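Model, not experiment: these values are computed from the prediction. Heavy atoms only: backbone and side chains are in, while hydrogens, waters and symmetry mates are out. Sequence lines set the chain letters: A, B, ... in the order given, protein chains first and strands last, and positions in each chain run from 1.
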Amino acid sequence: MAEQAVEQRSEPETPDEQAEGTGAPASSKDAASEESAEKAAAENKKESEKVAEPVPAGGGLITVRDRYSIFYDRPIPSLDMPNGLAFEVEDRKQPGRALYALVSKPEMLARISVMRILKGNEIPNTLQMVDWGAADWPPANRKCIIIIYYRPLGGRVMDSLSAVRERIPDHQFPKLVIKPIADALIELGQKGITHRAIRPDNLYYMDEGRQKIVLGDCCTSVAAGDQPVVLESIESGMCGVYGRGSGMYADDMYSFGVTLLMLALGRNPMAGMSDDEIIDKKVKVGSYAALAGEERLPVSLIECMRGLLTDDPEQRWAVENIDLWINGKRMTPVQAKSESHSQRGFKFAEDEFWSCRPLSIVMHRHWDDAAKIINDGSLEIWIRRGLENNNLADAIAAVTKTTQAMPGDQKESDDNLVTRVLMLMDPDAPIRYRTFSTSLEGFGTSLAIAMLQKKTLQPYIDFISRDFWRYWVSSQTAYHPDHAQWEGVFKDLKNYMKDTNSGAGIERCVYELNEWLYCLSPLISSQYVLEVKSVLPALDIVSKSANTKMWPVDRHISAFLRSRYAKGTGTQIDAMNDDRPDRATTGMLSVLAIVQWRLGPEAVFGLAGWVGGLMGPIINSYQNRQKRKDIEREIPKLVRKGNLPELYNFVDNPEERQRDAEGFAWAKAEFAAAEKQMYELQTGQMDRDENAQKMGRQAGAGVAVVIMLLAYTVTLIGKAF
Amino acid sequence: MPSDPHVAPAAKMNKSRVFLYLMLAIPIGLMIVPTMIVLMFALLPSGVAFIMERGKGIYGGVCVGAMNLAGASPYLVDLWFEGHTVEAAFGILTDVFAILVIYGCAAFGWAIYATTPSIVSTFMTMTAGRRIAALQDQQKELVLKWGPDVESVYEPEDKPDDKPDE
């Protein structure tokens with residue numbers, strides 16, 4: 001992806017207003033709220049209002065790729081997505097082209113892997129993507145993902161899921177709705193893309209005559225992140241909104257079936273029902289019966305809808321079946337095998353249950369009570385005697401015994417137990433852990449969104465460290481090759497979690513799981529850095545406002561680099577984790593230096609200044625005071641060049657280091673020798689006194705003898721003369 | 001009881017030596033009787049000094065003796081050159097001034113012997129102090145150039161253990 005060069009032409013608003021515009025979610029809702037796509041959509045609506053709020057009165061535009069002018073003072077609310085705001089676009093090279101831009105909300109992840117495929121590929125009967133990229137978005141005061149589409153001139157097919165629209169005539173249905181969407185799904189399937197945003201309010205009329213229906217955007221949010229529960233299959237609906245994963249083509253077919261049914265009825269038959277009620281009803285009577293109910297559906301469409309709304313994904317109609325059906329071949333959809341029922345009911349949470357799946361769903365909602373019925377054995381007894389499923393009862397008994405024997409506090413043990421028992425009771429359901437629920441595939445995006453929205457990460461840490469993924473895979477009744485691959489991935493993640501160093505931990509996990517996740521470091525998240533080569537320019541930009549006492553390489557940046565550029569930065573990041581401050585600082589500098597050396601840019605003046613100010617520990621690692629002063633004097637000159645490799649080579653010159661070390665060793669030896677001499681001089685006082693006594697006596701005797709000899713000589717000479 | 005074969009020859013040798021010395025000393029002593037009379041009285045301080053400093057070496061006796069002889073030198077030379085007689089010798093011994101000079105010189109010798117060790121000690125200490133100051137200056141320069149990490153404390157290997165015996 002190429003980040004866009006952006007030309008701003010309006011007065012930027014005040015920083016405070018900008019901050020409001022990009023603010024975090026208004027309230028940190030608990031994970032239960034994730035269950036509701038509609039609630040999330042409502043929240044997103046509020047967020048979108050916030051992002052749209054600080055548009056300056058004078059208006060303004062940004063220009064991307066020197067071609068598309070996006071007017072952020074000209075929103076198009078009718079084309080807004082739950083996680084993307086629509087704005088008018090003008091193509092400078094081809095004026096008059098009807099385009100519009102969707103700006104993905106900063107707190108949401110766009111599906112970049114899908115955008116990369118869709119751009120430039122004409123998928124029939126979908127909104128045609130013209131271009132996309134990350135660009136500065138003044139209302140949010142940060143970079144955002146902007147996607148430019150051809151503008152649908154006829155508006156939405158259905159304004160919202162709560163709206164009521166005219167029924168499309170039965171005879172027009174296959175030609176107007178089913179065929180175009182089926183063709184689009186075939187094409188998407190061939191490109192390896194699941195749409196995961198098929199719903200009545202995401203279908204548009206491309207023409208003003210409202211004859212050509214196309215599928216809407218599927219990129220401004222994570223896969224199925226905007227989908228209400230009613231549009232999702234039972235298993236997907238049981239997941240948290242962001243934990244559904246890209247899913248399979250069968251998931252798209254299900255959403256397609258619900259969409260057809262709603263369009264056929266002209267309304268949402270489950271409007272007004274809560275997510276739990278929708279899931280309960282679908283589980284109880286099957287999706288088709290739950291949605292169709294007593295409604296009068298066009299007879300000609302019943303077969304198609306029953307095929308698409310089959311709850312068993314293996315039996316669900318694929319696009320090929322629709323093609324055959326349109327061409328006149330009649331098929332009877334296979335009805336899903338009903339779950340085995342107990343002879344006697346099991347009372348739980350003021351309700352009575354006759355089969356495993358509905359009970360497991362309610363056990364998830366009443367977590368603490370679920371632990372009680374597992375621990376007291378009543379669940380096992382009911383499964384063994386009521387359901388007469390000895391295998392399941394034995395498995396639950398074994399899990400209970402194992403979990404209870406494990407050390408740890410009771411709450412943790414109960415949580416593990418309930419999670420594992422729910423997996424055994426309903427292997428097709430997502431992994432459910434207290435209020436957290438995710439598919440294995442959706443775990444990565446769910447973690448990324450939690451991190452992005454600053455939610456608690458403990459369930460995600462537990463998910464990895466308590467091996468829930470492993471238990472879920474082992475609870476599956478059918479082998480799936482993907483599971484082995486996931487096991488390998490999660491084993492690596494567990495190792496990262498054990499490592500507390502920078503470049504590992506939960507931060508590393510999130511980047512390993514999300515190939516196109518931008519760097520979430522608080523330092524550069526506003527710069528939407530998707531590639532390693534963009535890290536340094538982003539740091540250079542933020543260096544003007546960042547706290548320059550902090551390191552420019554935080555846990556997120558090191559995890560991002562380690563994940564995306566392990567070969568280039570692995571050793572340097574290891575050095576950065578050294579306990580010695582000078583080694584760690586050298587490591588930090590070397591990380592940045594090697595990225596600049598290999599990937600550019602040529603000069604990063606702001607970042608060089610920032611890093612230059614952090615060289616204290618390296619400077620102090622030189623023992624020679626004069627050398628320190630020399631380095632301090634030289635650093636500003638190197639900073640002005642903006643070249644980090646040069647700075648690194650200067651401060652960590654091996655020859656200088658050796659010279660310094662040798663000089664220091666010599667100086668230490670000198671000092672020690674002087675110390676020894678002084679010690680000997682000071683402690684030798686007693687010896688010296690003894691010597692002085694001896695020498696003094698000798699000297700006295702010598703002097704006396706000399707005096708005597710002189711006396712005799714003088715006397716004798718005097719007598720002689 | 002048989003005699004000790006090792007002791008008997010030594011005792012015989014000592015006796016023979018003493019006899020030899022006496023055979024030499026007696027004639028000489030008889031020849032220089034006046035000098036011997038003077039020296040006998042004049043060198044009494046030296047004898048005392050030798051006795052007092054017994055076990056500490058001979059320097060005390062040598063020092064006092066030498067000065068004692070130096071004090072006696074004018075009188076002995078007079079005796080030798082102006083009549084080497086017993087009367088002259090008694091004349092010297094009965095001269096209070098001569099005795100004062102001879103014994104005064106012996107006292108001066110004792111003073112020399114007593115003070116020179118302190119003088120030497122003071123001199124040696126002064127030399128060591130200058131050396132320590134020079135070494136300290138050298139260390140200060142090293143610290144200035146290489147920082148306090150260069151410092152170390154010398155601990156001799158044979159340093160006595162400070163811990164009290166348990």
Side-chain angles (χ1 to χ4, degrees), chain A residues 620-629 660-661 663-720, chain B residues 53 56-78 80-82 105 108-109 111-125 127-129 131-132 134-136 138-139 142-147 149-156 159:
Chain A
N620 292 340
S621 69
Y622 281 95
Q623 298 293 344
N624 191 317
R625 271 29 186 188
Q626 189 54 45
K627 179 70 187 167
R628 287 185 186 183
K629 282 178 190 165
D660 186 71
F664 183 65
W666 171 85
K668 272 195 96 152
E670 280 282 295
F671 191 96
E675 192 72 7
K676 188 182 173 190
Q677 280 187 46
M678 283 199 296
Y679 176 84
E680 284 169 353
L681 287 169
Q682 282 158 352
T683 55
Q685 186 67 45
M686 200 179 287
D687 296 339
R688 200 163 49 247
D689 287 347
E690 279 175 21
N691 279 342
Q693 285 284 332
K694 196 176 172 184
M695 286 171 69
R697 283 168 187 168
Q698 281 177 348
V703 167
V705 169
V706 169
I707 291 171
M708 180 194 76
L709 291 173
L710 278 173
Y712 278 97
T713 308
V714 169
T715 313
L716 285 171
I717 291 168
K719 192 54 80 182
Chain B
E53 291 295 299
K56 295 181 188 172
I58 58 164
Y59 297 119
V62 170
C63 194
V64 175
M67 287 306 292
N68 207 175
L69 280 173
S73 64
Y75 304 105
L76 282 175
V77 170
D78 278 350
W80 296 333
F81 287 97
E82 291 177 7
C105 282
F108 185 66
I112 289 171
Y113 176 72
T115 55
T116 41
S118 321
I119 294 165
V120 170
S121 174
T122 308
F123 176 76
M124 284 174 78
T125 305
T127 312
R131 178 71 187 138
I132 287 171
L135 289 168
Q136 280 173 339
Q138 186 190 345
Q139 284 186 326
L142 286 170
V143 172
L144 215 61
K145 190 175 177 185
W146 295 96
D149 287 350
V150 84
E151 289 177 16
S152 60
V153 177
Y154 175 71
E155 284 179 10
K159 191 179 175 183

Which one, B:Val143, B:Leu144, B:Asn68, B:Thr116, leads in non-hydrogen pairs under 4.5 Å with chain A?
B:Thr116

Heaviest contributor of heavy-atom pairs below 4.5 Å to chain A, chosen from B:Val64, B:Asp78, B:Leu76, is B:Asp78

Does any non-hydrogen side-chain atom of B:Asp149 lie less than 4.5 Å from one of A:Phe671?
no

With the side chain counted from C-beta on, respond yes when A:Tyr679 and B:Val153 share a heavy-atom pair under 4.5 Å apart, and no when they do not.
no

Partner of A:Glu675 under side-chain contact (heavy atoms from CB on, under 4.5 Å), chosen from B:Glu151, B:Gln139, B:Gln136:
B:Gln139

To the closest 0.5 Å, what do you measure between [atom1] ([X]) and [atom2] ([Y])?
X        : Y        : atom1 : atom2 : answer
A:Met695 : B:Phe123 : CE    : CZ    : 8.5 Å
B:Lys145 : A:Gln623 : NZ    : CD    : 13.0 Å
B:Phe81  : A:Thr715 : CZ    : OG1   : 10.0 Å
B:Gln138 : A:Gln677 : CD    : CD    : 7.5 Å

For A:Lys676, is it the side chain, the backbone, both or neither that has a heavy atom under 4.5 Å from a heavy atom of chain B?
both

Looking only at heavy atoms, what is the nearest atom pair of B:Trp146 and A:Arg625, with distance?
O-NH1, 3.1 Å

In short, salt bridge (Lys or Arg N to Asp or Glu O under 4.0 Å) pairs touching residues 693-716 of chain A with sequence neighbours left out are none

Which atom pairs, one a donor and one an acceptor, fall under 3.5 Å between side chains of residues 702-714 of chain A and the rest of the protein, sequence neighbours left out?
residue: A:Tyr712; atom: OH; partner: B:Leu69; partner atom: O; Å: 2.8
residue: A:Thr713; atom: OG1; partner: A:Leu709; partner atom: O; Å: 2.6

Sort B:Leu142 into side chain, backbone, both or neither according to what part of it lies under 4.5 angstrom from a heavy atom of chain A.
side chain

